[in-house]
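Beneath this line is the structure, given in C-alpha cells, with notes to follow.
Only this structure's heavy atoms are used, side chains among them; waters, hydrogens and symmetry mates stay out. We name chains A, B, ... by the order of the sequence lines, and we start the count at 1 in each one.
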Amino acid sequence: MKDTRLIMSAEKSILQIESYQPQAIEKKWQKQWEESGQYRTDTSDTSRRKYYALSMFPYPSGRLHMGHVRNYTITDVIARLRKMQGYNVLHPMGWDSFGLPAENAAIQNNIPPAQWTYSNIAYMTDQLKALGLMYDWDRQVYTCRRDYYQWTQWMFLYLYNRGLAYKKEAPVNWCEECATVLANEQVIDGECWRHGTPVMKKNLNQWFFRITDYAERLLENLEQLKGWPDKVTLMQKNWINKSVGAELVFTAESGEKIPVFTTRPDTVFGVTAMVLAPEHPLVDQLTAPEKKAEVEAYREAARNKSEIERTTTEREKTGVALGTFCLNPFNNEKVPVWIADYALVEYGTGAVMMVPAHDERDFAFAKKFDLPVIRVIERRGAVGVPLKEAYTEPGVMVNSGDFTGLDSEDAKEKMTRFAEENGFGKRRIQYRLRDWLISRQRYWGAPIPVIYCDKCGEVPVPEDQLPVELPEDVDFSVKGRSPLESSPTFVKAPCPKCGTEGRRETDTMDTFVCSSWYYLRFIDPQNTEKPFEPGLVKYWMPVDQYVGGVEHAILHLMYSRFFMMALHDGDWTDHDEPFANLLTQGMVLKDGAKMSKSKGNVVDPDDILAEYGADTARFFILSDSPPQADFDWKDTAVEGCFKFLLRVWRTIVEHKDAIRFDLPLPIYDTLAGPERELYQLTNKTIHGVTKDIESEFQFNTVISKIREFVNFLGKYEPGREPNAVFSHAVVNLLKLLAPITPHLSEELWQRLGGEGSVHEQPWPEFDSNALTSDVIEVVVQVNGKVRDKLQVAPDLPNAEVEQLARQSEKAQAHMDGKQVVKVITVPNKLVNFVVK
RNA sequence: GGGCGAGUGGCGGAAUGGUAGACGCGCUGGUCUUAGGAGCCAGUGGAGCAAUCCGUGGAGGUUCGAGUCCUCUCUCGCCCACCA
C-alpha cells in the first residue's frame, strides 16, 4: 500500500538521525501512563477547582468509527488542556451497553447478548487505549452490569415513589422490526428511528415517565443554558412546543361534555362543527344508530393506517359525521359532530372545535365536506374582503355577539374569562411534549422492578431487594412480547407486600433510561450503598463540557435534563441542569457524503492507527474544520499531517544539542535579530493557541498557528551550543502540542531531558511584552482602496504615520489634483485619505 | 407550510466593520537523488506584457471603508410539521 511505502521512505530519509516511529512510542507511553496512574482522578479531592469533561458514551457496536474518534479526541484535548491549567479533571468513559443489536446478534449467532456485548467492549477498549485517550479507566461504567442497572432500577423506584412513573393503556408506537413499543422521540416522520420502517399505533398497557410534569421547567431552563448551541435549545423548545389557550366545553345534545383545547378562543363564534379524533372515547355514545356502520368502518381504517399515512400534510381531509350535534356554549348554536383523523387523540383533549374561516386545516375540511364558513375576524382596514383561504391573523371581531368590535387579541383574554365565569371553560396551557414511554418488550435491558399480585395489585420491588436480575434462561427469539416471559425462574416471585405468589413485570426499560444518569455514576462508580454520594455530585456537577453528536439534541439531552430535575427535587443534587456547556460535533464525511458501508467510503480507525499512529489521527481530525462543522476526510491530508509530525520530530531531534531545560529564560529586551523574532513568535503562538482553544475550541486555527510556529522553527538556525531562545520555543511547542499529540510530545520531552511527564506540566504562559513585532505594516488607502503599505514601528503616533503616508508616491498618484477632505487613522492598521 | 443555519480559489477552510483567501490539500517549476510518490526552495483567486482592473450566491442600502451590518432575493443543509 502506498501509505506504508510513504512511511518507510520517510523513515529512510531521516535514518541518519533517529526515526519517528509512532507505533513503538505510542504503545510505550500508553503502558507507562497506565502504570503511573497519572490519569486517575481522586474525586474525593474537592479542594481544587474542578473540570468535568465528558463525551457521550458509546454503544458497544463492535468497533469504533471515525465519528467516535473525532468525539473522543475533542474531549480529550479539552481534558488534557484543563489538567495542564491546574484543574482537577474528571474524564471518564463507559458503555451504553444495553440495547437491541446485542439481542439480534444473539438470535443470529446463537450466543448470549452479554457475551456479544462484552467482547465488543473488550475490542473497543483496546481501540480507545490505542488512541491515547486520557481516561480514568478505573471508573468505567457498563449500563448492562448489575452494579449499574441495580441503580437504574433504583431510579425507576425513585420516580415511581414521586408519582413520576406510572402504567396506563394508551395508543402507543409499535415497531414490527424492533418487536417493541417506541417513545415518541424514537419515531421520525412516522418511521422507526432505527429501521426506517413504518410505525403502527397499538393500544397497549405500558409504563411512562411523567416528563410532562416538567415541561414548563424544561422549557424555562433553556434560557439559562448559555453554553449550549442555540440550535439545540431551539430544537428542544420546538419539541416541547408550548401553546397558550383555553379549554372550552361544548355539550352534546345527549348531555355529554366535550372539552376542546384551542389557542384561538376568539374564533369560537365561527365554529361550524366539532371534530373528534377517531379514537375519542365519546365516539360510540355520540354516534347516531344509522351511522354506526360507516363510523366503525372509518375508525377501523384509521387504526390500520400507519403514522406516516395519517400525518402527511398533503393528504386530503377525510372524516365522517356522527349524525349528532352539540351546542356551542357561547351562542348555543347547534353544530354537527364529526370524526376525522386529523384530530389527534393524544393532543389536547382529542377534540377540535372546527373554525374554517380562521384555521387552514378546518378550512380544507369544510371545503371538502361543504360545511358552512362563518367569518368572525376581519383584517383591520380591509373589512368585507371575501375569504379565499383561512384568515389566521389577528384583527377586529365581527359576528361575535357581545365581543363584536373588540381587537381579537384582547378578545382571547376576555372570552376566556367569560367562559371561566360561566363555568364552561378555563385557561389552559398545552405542550406537545408527551410522557416518555419507557417499557420495552425486549430482553437486553434493565428489568422494571415491579411485581403484580392478585391481592395487592402493582407492587414496586423494595429497594433492598434490588437488583431484579436479568435471567439467563431465556428464549430470545420470541417476538411481540417480552422474552423474559419465557424464563421459568424469573416470572414467579413473591409479592413484597403479602408474600403470596405474584408475577414479575417482564418488560425492560428503554436504554435511554440507563443513559439519563450515567454522568452521575461516573463521579462515584463503586458506591454499593447509593447510586452516588450527593456530596461528591455537589462538587463535580454540572458537567463542564459535554461533547457529542447533534442527533441526541432531543432524546438523550432532554431525558437527562428531566432526570436531573427530578433528582434535584428530591435533594439528591444541587443542580437541576446536568450539562453546563455542550459542543455538538459535526459528522465525519468522506467525499462529501456520510461514511457508510453501502457507499463503501468508510475509513477504519484501525487502519489509520496502523499506518500513521494515534497522534497523526488526532492531529488530523482536529485540523481541517472547526469541531462544530462537518469534517471531510481526505487521505492526502492525513499524509500531510503525518509529514508535519515528522517535521516536528526532525526539527527538534536535529537540534537536540541546542536544547536545554536549565537555561535561564530569555530576557526580551536583550534580544535582537532572528532570536528576538523567534521569541516574539513563541509568545504570539502561546497567546493565540490559548485564545483559540478558549473560544469555542477552534482547534483548526490552533493547528494552523502551531504549523506557522514550526515552519519558522524549521528555518531557524540555533547552532550547536545550548540556545536559550530556541530551548524556550521548543519546550513551549511541546507543551502546546501535548494535548493534541500526547505521545509525540511525551517522547520528545523525555528525550530532551524534561523532568516527569509533559502532561503534568503547567500550561505555558506568554510574555505580553513580546506579543507585537518590531515592525508593523500599515496600509495606506485612498477612498478605502489599498494603494501602498508602510513599514513602521508599532504605536507610532498617528500624526507621524499620517506624515509618512502622505509621502507615499503610490498614494499620491491617486490623490493628484484632488482635495483631501478627511483622514482616518487606525493605529497600527491603516491610514485612509478621503479625497474629492 | 413554519423555524434555524450556511453560501468565500480546483478542494478543506482563515479573516474584533480596516491589507479577502491565514494554515493545509492539490497543482506548477526548480533542487537534491541510481530513482522520487520523500526532503528542501519558489510559485499558485481571475484577466492582463504591464500599469492596473475585477473578485466572498444575486440586487440594493448604511459607512471614509462591508465577506462581516440592514432590506429584498436565489440555492443548499438541518429541525419541526394535520399539535387545534
### Query
Contact class for R707(A) (heavy atom, under 4.0 Å): base, sugar-phosphate, or nothing?
sugar-phosphate

### Query
Do W633(A) and D635(A) have side-chain N/O donor and acceptor atoms under 3.5 Å apart?
yes

### Query
Between the main-chain N or O of R806(A) and the side-chain N or O of Q812(A), is there a donor-acceptor pair closer than 3.5 Å?
yes

### Query
With rounding to whole Å, what would you report as the distance between rU63(B) and rG67(B) at their C1' atoms?
16 Å

### Summary
Taking every heavy atom of V345(A) against every heavy atom of A277(A), the minimum-distance pair comes out as N-CB, 3.5 Å

### Query
Of I776(A), V801(A), L796(A), V778(A), which meets side chain to side chain contact (heavy atoms under 4.5 Å, CB included) against N828(A)?
I776(A)

### Task
Answer syn or anti for rG12(B), where the cut-off is 90° from 0 on the glycosidic torsion.
anti

Give me, pair by pair, the N or O atoms of the protein and of nucleotides 54-56 of chain B that are less than 3.5 Å apart, along with how far apart they are.
from, atom 1, to, atom 2, distance (Å)
rC54(B), OP2, K785(A), NZ, 3.4

### Separation of atom CD1 in I240(A) from atom P in rC79(B), rounded to whole Å
18 Å

### Message
Any base atoms under 4.0 Å from A364(A), or only sugar-phosphate, or nothing? Heavy atoms, all strands.
### Response
nothing

### Query
After noting the C-alpha distance and the side-chain angles of I211(A) and L218(A), does the key distance pass the side chain to side chain contact (heavy atoms under 4.5 Å, CB included) rule?
CA-CA 9 Å; I211(A) 193 171; L218(A) 287 165; 3.8 Å; yes

### Task
Rounded to whole angstrom, note down the P distance from rG45(B) over to rU28(B).
16 Å

### Message
Among rC41(B), rA84(B), rC40(B), which nucleotide has an atom closest to any side-chain atom of R647(A)?
### Response
rC40(B)

### Query
Base, sugar-phosphate, or nothing: which does D362(A) touch, judged by heavy atoms less than 4.0 Å apart?
nothing

### Message
If you only use heavy atoms from C-beta on, which nucleotide in rC83(B), rA38(B), rC23(B) is closest to the side chain of R361(A)?
### Response
rC83(B)

### Query
When we call it a touch if two heavy atoms are under 4.0 Å apart, what does S243(A) touch: a base, just sugar-phosphate, or nothing?
sugar-phosphate

#### Entry: Considering all heavy atoms, the nearest A366(A)-M354(A) contact
CB-CE, 4.3 Å

At a cut-off of 3.5 Å, list every protein nitrogen or oxygen paired with a nitrogen or oxygen from nucleotides 59-68 of chain B, distance to 0.1 Å.
from, atom 1, to, atom 2, distance (Å)
rC64(B), O2, N832(A), ND2, 2.5

### Query
With distance as the sole criterion, is a donor-acceptor pair present between the side chains of D788(A) and S808(A) under 3.5 Å?
yes

### Message
When the P atoms of rU8(B) and rG13(B) are compared, how many Å lie between them, rounded to an integer?
### Response
9 Å

### Task
Counting Watson-Crick and G-U wobble pairs whose two distances are both under 3.5 Å, find the runs of 3 or more in a row that involve RNA chain B.
B:1-7 with B:74-80, B:10-12 with B:23-25, B:26-31 with B:39-44, B:45-47 with B:52-54, B:57-61 with B:69-73

### Message
Counting the benzene-type ring for Trp, do Y612(A) and F619(A) have ring centres under 6.0 Å apart?
### Response
no

### Query
In whole angstrom, what separates F363(A)'s CZ from rC82(B)'s C1'?
16 Å

Tell me which donor-acceptor pairs under 3.5 Å the side chains of residues 702-713 of chain A have, and how far apart each pair is, sequence neighbours excluded?
from, atom 1, to, atom 2, distance (Å)
S704(A), OG, T701(A), O, 3.0
K705(A), NZ, D692(A), OD2, 2.6
N711(A), OD1, R647(A), NH1, 3.0
N711(A), OD1, R647(A), NH2, 3.3
N711(A), ND2, R707(A), O, 3.4

### Task
Classify every nucleotide of nucleotides 1-11 of chain B by which part a protein heavy atom approaches to under 4.0 Å, writing B for the base, S for the sugar-phosphate alone and - for neither, in 5'-to-3' order.
--SS------B

#### Entry: Most 5' of T318(A) and K829(A) on RNA chain B, judged by nearest nucleotide
K829(A)

### Message
Does V779(A) reach a base, just sugar-phosphate, or nothing at all? Heavy atoms under 4.0 Å.
### Response
base

### Query
Which whole-number value in Å describes the distance from R264(A) CZ to rC82(B) P?
20 Å

### Span that lies between the P atom of rG17(B) and that of rC4(B), in whole angstrom
22 Å

### Interatomic distance at P, rU16(B) relative to rC64(B), whole Å
23 Å

### Summary
Closest non-hydrogen atoms of M200(A) and R303(A), given as atom of the first, atom of the second and distance, are CE-O, 4.4 Å

#### Entry: Candidates rC25(B), rC82(B), rC83(B) - which lies nearest the side chain of Y342(A)
rC82(B)

#### Entry: Pairwise C1' distance for rG21(B) and rG7(B), with rounding to whole Å
16 Å

### Message
Considering every strand and a 4.0 Å limit on heavy-atom distances, what is the contact class for R428(A): base, sugar-phosphate, or nothing?
### Response
nothing

### Task
Please test F330(A) against F424(A) for ring pair (Phe, Tyr, Trp, His ring centres under 6.0 Å), starting from the C-alpha separation and ending with a verdict.
CA-CA 9 Å; F330(A) 275 81; F424(A) 54 77; 5.2 Å; yes

### Task
Would you check, one step at a time, whether the test side-chain hydrogen bond (donor to acceptor under 3.5 Å, both in side chains) holds for W239(A) with E185(A)?
CA-CA 9 Å; W239(A) 186 260; E185(A) 289 79 2; 3.1 Å; yes

### Task
Could you check which of rA14(B), rC79(B), rC41(B) has an atom nearest any side-chain atom of T701(A)?
rA14(B)

### C1' gap between rA59(B) and rC40(B), integer Å
50 Å

### Query
Rounded to the Å, how far apart are W239(A) CH2 and rC78(B) C1'?
15 Å

### Message
What's the closest nucleotide to the side chain of T636(A) if the choices are rA22(B), rA84(B), rC25(B)?
### Response
rC25(B)

### Message
With a 3.5 Å distance limit and no angle check, can you tell me whether R375(A) reaches the backbone of A357(A) through a side-chain donor-acceptor pair?
### Response
no

### Task
Tell me which of R434(A) and D630(A) sits closer to the 5' end of RNA chain B, going by the nucleotide each one is nearest to.
D630(A)

### Query
What salt bridge (charged side-chain N to carboxylate O under 4.0 Å, His left out) pairs are there with at least one residue in residues 826-836 of chain A, not counting sequence neighbours?
none

### Whole angstrom value for the distance that separates C1' of rA51(B) from CZ of R787(A)
12 Å

### Query
When rounded to the nearest Å, what value does the distance between C1' atoms of rG48(B) and rG55(B) take?
15 Å

### Query
Do the side chain of R787(A) and the main chain of V780(A) share a donor and acceptor less than 3.5 angstrom apart?
no

### Message
One pair to check against side chain to side chain contact (heavy atoms under 4.5 Å, CB included): L437(A) and N184(A). What are the steps and the verdict?
### Response
CA-CA 8 Å; L437(A) 197 174; N184(A) 256 319; over 6 Å; no

### Query
According to the interplanar angle, ranging from 0 to 90°, do the rings of F365(A) and F369(A) count as parallel (below 30°), tilted (30 to 60°) or perpendicular (above 60°)?
tilted

#### Entry: Atom pair distance, as rounded to whole Å: CG in L645(A) and C1' in rG24(B)
13 Å

### Task
Send over the distance from F620(A) CZ to rG24(B) P, rounded to a whole Å.
15 Å

### Task
Would you mind reading off the distance between E346(A) atom CD and rC82(B) atom C1', rounded to a whole angstrom?
12 Å

